[in-house]
Chemist: 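Questions regarding the structure given below will be posed in turn.
Note: hydrogens, waters and symmetry copies are ignored here, and every other heavy atom, side chains too, is used. A, B, ... follow the sequence lines: proteins, then strands. Residue 1 opens every chain. Being a predicted model, the structure only gives us computed values, none of them experimental.
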Number of protein chains: 2
Amino acid sequence: MSDALSAIARFSRYQSDDAQSAEALHCPVRDVLDRIGDKWSILMVMTLATRPHRFGELHRAIRDISKRMLTQTLRDLERDGLITRQVFPTKPPSVEYCLSPLGQSLLDPMASLIDWADRRYSDIHAARVRFDGAPCDVPRE
Amino acid sequence: MSDALSAIARFSRYQSDDAQSAEALHCPVRDVLDRIGDKWSILMVMTLATRPHRFGELHRAIRDISKRMLTQTLRDLERDGLITRQVFPTKPPSVEYCLSPLGQSLLDPMASLIDWADRRYSDIHAARVRFDGAPCDVPRE
DNA sequence: TAGGGTAGGTCTCATATAAAGACCTTAGAC
DNA sequence: GTCTAAGGTCTTTATATGAGACCTACCCTA
C-alpha cells in the first residue's frame, strides 16, 4: 500500500497545476496508459506472452477483432517497442510478431491487474446489480 | 514472472474456443479492463486515492475532462462499486466522492502499472522516435 | 490456362463512443 | 434584479471502431 501511494504521489506531480498550465498532455503516465488502455492492446500482449504468433493466428486467437484493428494495434505496439515484427520470405510471405524485452517487462504489472480483475469480478458484478436494481431507493439528489 | 504467467494462463482460459463460441464478451477480465481502461477512470481513482473530492475539486484536479465525461465516469465507477457518492444537504447541495474498499484494493495493481509506465517511458519514447524516423530503413514487406 | 486457395494486409463506408460547450436549477450575496 | 456557485443535463460535432470488399503474388489443380 505504501508502494501504491508513492507511485500515486509521483503520478500526481505530473498532474500539478504548473505542469498542466503548459501541457497536461505530456504526462508520461497518461501517454502510456492511454495507448495500452485501448480496446485490444492488453489482449494482444497477453496473447503474445506465451509464444510468438503470426497474423492469422492472432486473428483466430482474438476472434472478435477486425483485421483493420488487428493491423493498427500491432503497428502501434510495434511503434512503442513492445513487440517486434519479423517478415519471412516465404511465398506468400509470412509475418511473425513477438514480444520484445520491453513488452515482457509489462507482463508483471499487467498480470497483477488481471489478477485483481479476476478475483474482484464477483464484487463488481454484485455492485452493478445493486446499482441497476435500486435506482430509486437511493435517489440521485 | 511465474505469477504473471499463471495469471495469463487463467486469462487465456476465458479466451478459449469453447468460451468464445458462446459469448466471448462475458470474459470477466475483459469486462473489467474495458471499463477501467477508458480514458478517465484510472486518473479519477488515482485522484481519489489520497482523499475524497467534491465534483468541482475533481474538475479542477483533472482540468481537461469535460463535465459530461466527469459525470459519466463517476457514475460508472459508482455503479461498479469502486467509489461512493454522498450528497450533503447544503444549499446548493454538495456531493462528495470517495474510494470504497473495493476501489482501494485496486490501488496496488494500478500503482504497479503506473510505476512501469513511469520507468519505461523513456524507452517507449525512444522506440517511437526510431519507428517514426526510419519508416523506410525497415520496409514494411 | 482459367480458376481457386493462401497470407497479410489496405480501402471505403457505416456506426458507436467521446468531447465541447451551451444551458438549467436553486439559493445566498451585492 | 443580477451575480456567482455547485452539480449537473442536452445538443452537436469529432474521433474510434467495425464490417467487409478488395489487392498482390505465388502455387496448385484440372
Side-chain angles (χ1 to χ4, degrees), chain A residues 20 23-25 30-31 33-44 47-48 52-80 83-98 135 138-141, chain B residues 20 23-25 30-31 33-44 47-48 52-79 83-98 135-136 138-141:
Chain A
Q20 281 212 329
E23 305 109 56
L25 301 169
R30 281 177 66 176
D31 186 9
L33 293 188
D34 282 354
R35 266 286 3 275
I36 67 167
D38 69 4
K39 190 165 180 181
W40 304 109
S41 290
I42 292 187
L43 208 52
M44 212 154 294
T47 305
L48 293 176
H53 281 66
R54 292 174 54 183
F55 186 88
E57 281 183 303
L58 278 170
H59 202 186
R60 279 186 294 278
I62 306 171
R63 285 228 202 116
D64 50 343
I65 193 174
S66 63
K67 280 182 168 187
R68 190 186 167 287
M69 288 312 294
L70 182 52
T71 304
Q72 185 178 311
T73 306
L74 286 169
R75 286 291 172 283
D76 287 343
L77 291 174
E78 187 192 0
R79 185 170 105 96
D80 284 359
I83 64 175
T84 59
R85 178 182 190 270
Q86 198 175 357
V87 181
F88 296 97
T90 55
K91 302 287 182 180
S94 57
V95 179
E96 192 174 86
Y97 293 94
C98 70
V138 183
R140 290 286 84 213
E141 290 272 346
Chain B
Q20 282 212 331
E23 304 109 54
L25 301 168
R30 282 178 67 175
D31 186 10
L33 294 188
D34 282 353
R35 268 286 1 276
I36 67 168
D38 68 5
K39 190 165 179 180
W40 303 109
S41 290
I42 291 187
L43 209 52
M44 212 153 295
T47 306
L48 292 176
H53 281 67
R54 290 174 55 183
F55 187 89
E57 282 183 302
L58 278 170
H59 202 187
R60 279 187 294 278
I62 306 172
R63 284 229 203 115
D64 50 343
I65 192 174
S66 66
K67 283 181 168 188
R68 190 186 168 288
M69 287 313 292
L70 182 52
T71 303
Q72 185 178 311
T73 306
L74 286 170
R75 285 291 171 283
D76 287 344
L77 291 174
E78 187 193 358
R79 184 169 107 97
I83 65 175
T84 60
R85 178 181 190 271
Q86 198 175 358
V87 182
F88 296 97
T90 55
K91 300 289 180 177
S94 58
V95 179
E96 193 175 87
Y97 294 94
C98 70
C136 300
V138 184
R140 289 287 83 212
E141 292 271 346

Chemist: What's the CG-P distance between A:L74 and D:dT17, to the nearest Å?
Modeler: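 Atom CG in A:L74 sits about 14 Å away from atom P in D:dT17.
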
Chemist: OG1/A:T73 to CD1/A:I36 distance, rounded to the nearest 0.5 angstrom?
Modeler: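 Answer rounded to 0.5 Å: 13.0 Å.
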
Chemist: Please walk me through it: do B:D64 and A:R30 pass side chain to side chain contact (heavy atoms under 4.5 Å, CB included)?
Modeler: CA-CA 12 Å; B:D64 50 343; A:R30 281 177 66 176; 3.0 Å; yes

Chemist: Starting at CZ of A:R54 and ending at P of C:dG9, how long is that distance when rounded to a whole Å?
Modeler: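 About 11 Å, once rounded to whole Å.
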
Chemist: Send over the distance from B:F88 CZ to C:dT26 P, rounded to a whole Å.
Modeler: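 Spelled out: CZ on B:F88 to P on C:dT26 is 22 Å.
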
Chemist: Can you check the A:D38 CG to C:dA16 P distance for me, whole Å?
Modeler: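 Between P of C:dA16 and CG of A:D38: 20 Å.
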
Chemist: Could you check how far CZ of A:R35 sits from P of D:dT15, rounded to whole Å?
Modeler: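 Result: 18 Å.
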
Chemist: So, is B:R68 near the phosphate of C:dA22, with a side-chain N or O under 4.0 Å from OP1 or OP2?
Modeler: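 No, because none of the side-chain N or O atoms of B:R68 sits under 4.0 Å from OP1 or OP2 of C:dA22.
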
Chemist: Using a cut-off of 4.0 Å on non-hydrogen atoms, how would the nucleic acid contact of B:T71 be classed: base, sugar-phosphate, or nothing?
Modeler: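 The residue B:T71 makes base contact.
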
Chemist: Work out which heavy atom in B:S66 is nearest to a heavy atom in B:H59; give both atom names and the distance.
Modeler: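 That would be C-NE2, 4.3 Å.
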
Chemist: What's the closest nucleotide to the B:M69 side chain, out of D:dA6, C:dA18, D:dT17?
Modeler: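 Among D:dA6, C:dA18, D:dT17, the one nearest the side chain of B:M69 is C:dA18.
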
Chemist: Measure across B:R54 and B:S94 and return the closest heavy-atom pair with its distance rounded to 0.1 Å.
Modeler: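 The pair with the smallest heavy-atom distance is NH2-CB, 3.0 Å.
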
Chemist: Taking CD from A:Q72 and C1' from C:dC11, how many angstroms apart are they, rounded to a whole number?
Modeler: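 In whole Å, C:dC11 C1' and A:Q72 CD are 13 Å from each other.
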
Chemist: Quickly work out the B:R85 CZ to D:dG7 C1' distance and round it to whole Å.
Modeler: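 Roughly 8 Å, once rounded to whole Å.
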
Chemist: Using whole Å, report how far NE2 of B:H59 lies from C1' of C:dG21.
Modeler: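 That distance rounds to 11 Å.
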
Chemist: Determine the sole option in B:I62, B:L70, B:L74 for which the side-chain contact (heavy atoms from CB on, under 4.5 Å) test with B:W40 is passed.
Modeler: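 By the side-chain contact (heavy atoms from CB on, under 4.5 Å) criterion, B:W40 pairs with just one of B:I62, B:L70, B:L74: B:I62.
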
Chemist: Reckon A:Y97 touches a base, only the sugar-phosphate, or nothing at all at heavy-atom distances under 4.0 Å?
Modeler: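 Counting heavy atoms under 4.0 Å across all strands, the contact made by A:Y97 is with sugar-phosphate only.
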
Chemist: Counting side-chain heavy atoms from CB outward, which of D:dA6, C:dT6, C:dT10 is closest to A:P92?
Modeler: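 Closest of the options to the side chain of A:P92: C:dT6.
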
Chemist: Is there a side-chain polar atom (N or O) of B:W40 under 4.0 Å from OP1 or OP2 of C:dA18?
Modeler: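 It does not, given that no N or O in the side chain of B:W40 lies less than 4.0 Å from OP1 or OP2 of C:dA18.
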
Chemist: Could you tell me whether B:K67 contacts a base, only the sugar-phosphate backbone, or nothing, with contacts defined as non-hydrogen atoms closer than 4.0 Å?
Modeler: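 Base contact - B:K67 has a heavy atom under 4.0 Å of at least one base atom.
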
